[in-house]
2 protein chains.
Amino acid sequence: VNVRKIQVVQNVLESSEALAGENRRRMDEANVLCVNLLSAPGSGKTTLLQQLLPSLGARRCAVLVGDLQTSRDAERLDGLGAQVVQINTGRGCHLSPGEVARGLAALDLAGLSFVFVENVGNMVCPAAFDLGEHLRVVLLSTPEGDDKVAKYPTLFQSAAAIVLNKTDLAELLGFRREQVREDLAQVNTAAPLFETAAREGQGIEALAEWLRQKRGAKDAPEGGMPEPNAEN
Amino acid sequence: VNVRKIQVVQNVLESSEALAGENRRRMDEANVLCVNLLSAPGSGKTTLLQQLLPSLGARRCAVLVGDLQTSRDAERLDGLGAQVVQINTGRGCHLSPGEVARGLAALDLAGLSFVFVENVGNMVCPAAFDLGEHLRVVLLSTPEGDDKVAKYPTLFQSAAAIVLNKTDLAELLGFRREQVREDLAQVNTAAPLFETAAREGQGIEALAEWLRQKRGAKDAPEGGMPEPNAEN
């Protein structure tokens, strides 16, 4: 009985990995860089995208927006010129590679350079699932507190880049950047740390430039395709 | 094979429910009100408790603090006079009734009136697990945005009371209370909405008084023990 139970679990995981690999292959063929955006609820993923898409050229971008309910985030991103697909997970605590595959099927990948996957707001479960992205960008906003890297190390460990958002509130809230840097030194020394105040449009360009370089690296014939989270 | 798989899942759920029921029974016998505190990461659960415990009488309170890693929250609550137990879930996205049972075993329930369970910061998974609490208090902080009730309805549906925290930032952030009220009207009309700025010590007394009344209701001979989330 135990053996059979384990067998079932393995099959599910294998199928999840296979779907993620298939997603990545599709985007590799289309020469698209896929970025999985992860954070707690309300860290500013959608606001960041509202600023980032115009900077990258919105028509070169698509967004798959994951939420349990509502299409509010997709509506906020509508009208910028990017392709936007809302995925509702119901009670699901993270996007799955199957949901991303269905989202990709709804996109016209030709002419795209970036596909952003805005994951469900959750610092735990999404970290465990490869969706077929090329890299992960993890957001932390200052009102959440400066202890979050230490408390959710797995998430920050998997990040190719980390964005500290809502820095306009840092001083008011007594947010200690040095605590974040100290905790990051324990879990992820490779990922660059960008500071943004997305609502104020601050700090966007440095992140956009980093993403352009990552996308450019996909074109380089000698480099080949980057592995997911290769920075770690 | 399918039948066996379903059987295994049912057994796990039954065992989880049985453990939750056992936790509740233990606290009923000790005449303790158990409050499950749920929110996104960084909404201010620990800061709220730092204010609430002295108001309720810290020596009458215990806290089981759930986090993936670190004992930072327990350390923040240490020294107030309450019994505090840190539970590290590792990669677990929510507290389980088994973890709460082990936490309760580490407490001296005699003389206690309140056991607070500070769940893992997560708006999705903890909502699905009865830990044996008598009621749930769900926090939402203004920097998370006024769209969270609509996006995480299951969580807010299960709340006996809702706390809007960090109201000192509401005006600065353009937080629309009417959006929250409108969304709550769709999912939970029974739960009172308390407004707090826990860091500033504002709004604590009304919540403390509500909790005292809920605890008092446990003593009333005619009322019997409240059902979990009886307000819904």
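Each chain gets a letter, A, B and so on, in the order its sequence line appears, and its residues count up from 1.
In this structure, the portion of B/Asp73 lying under 4.5 Å from any heavy atom of chain A is its side chain and not its backbone. Both the backbone and the side chain of B/Leu172 come within contact range of chain A, with heavy atoms under 4.5 Å apart. Both the backbone and the side chain of A/Leu173 come within contact range of chain B, each with at least one heavy atom under 4.5 Å from a heavy atom of that chain. Looking at B/Asp67, only its side chain comes within 4.5 Å of chain A, counting heavy atoms on both sides.
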Check against side chain to side chain contact (heavy atoms under 4.5 Å, CB included), B/Lys151 and A/Leu68: CA-CA 6 Å; B/Lys151 290 171 77 176; A/Leu68 277 72; over 6 Å; no

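Interface remark: of the candidates A/Gly145, A/Ser43, A/Pro153, A/Pro153 forms the most heavy-atom pairs closer than 4.5 Å to chain B. Your options are B/Cys93, B/Pro143, B/Pro41, and the one with the most heavy-atom pairs under 4.5 Å with chain A is B/Pro41. Looking only at heavy-atom pairs under 4.5 Å with chain A, the residue among B/His94, B/Arg199, B/Met123 that has the most is B/Arg199.
Shortest non-hydrogen contact noted between B/Lys148 and A/Gly42 is CE-N, 3.4 Å. B/Asn122 and A/Cys125 get closest at one heavy-atom pair: ND2-SG, 4.2 Å.
In this structure, A/Val124 and B/Thr89 have side chains that are not in contact, with every pair of non-hydrogen atoms separated by 4.5 Å or more.
Contact check on A/Arg72 versus B/Asp183 returns a salt bridge, with a Lys/Arg side-chain nitrogen under 4.0 Å from an Asp/Glu carboxylate oxygen.
Rounded to the nearest 0.5 Å, atoms CG (A/Asp147) and CD (B/Glu75) are 11.0 Å apart.
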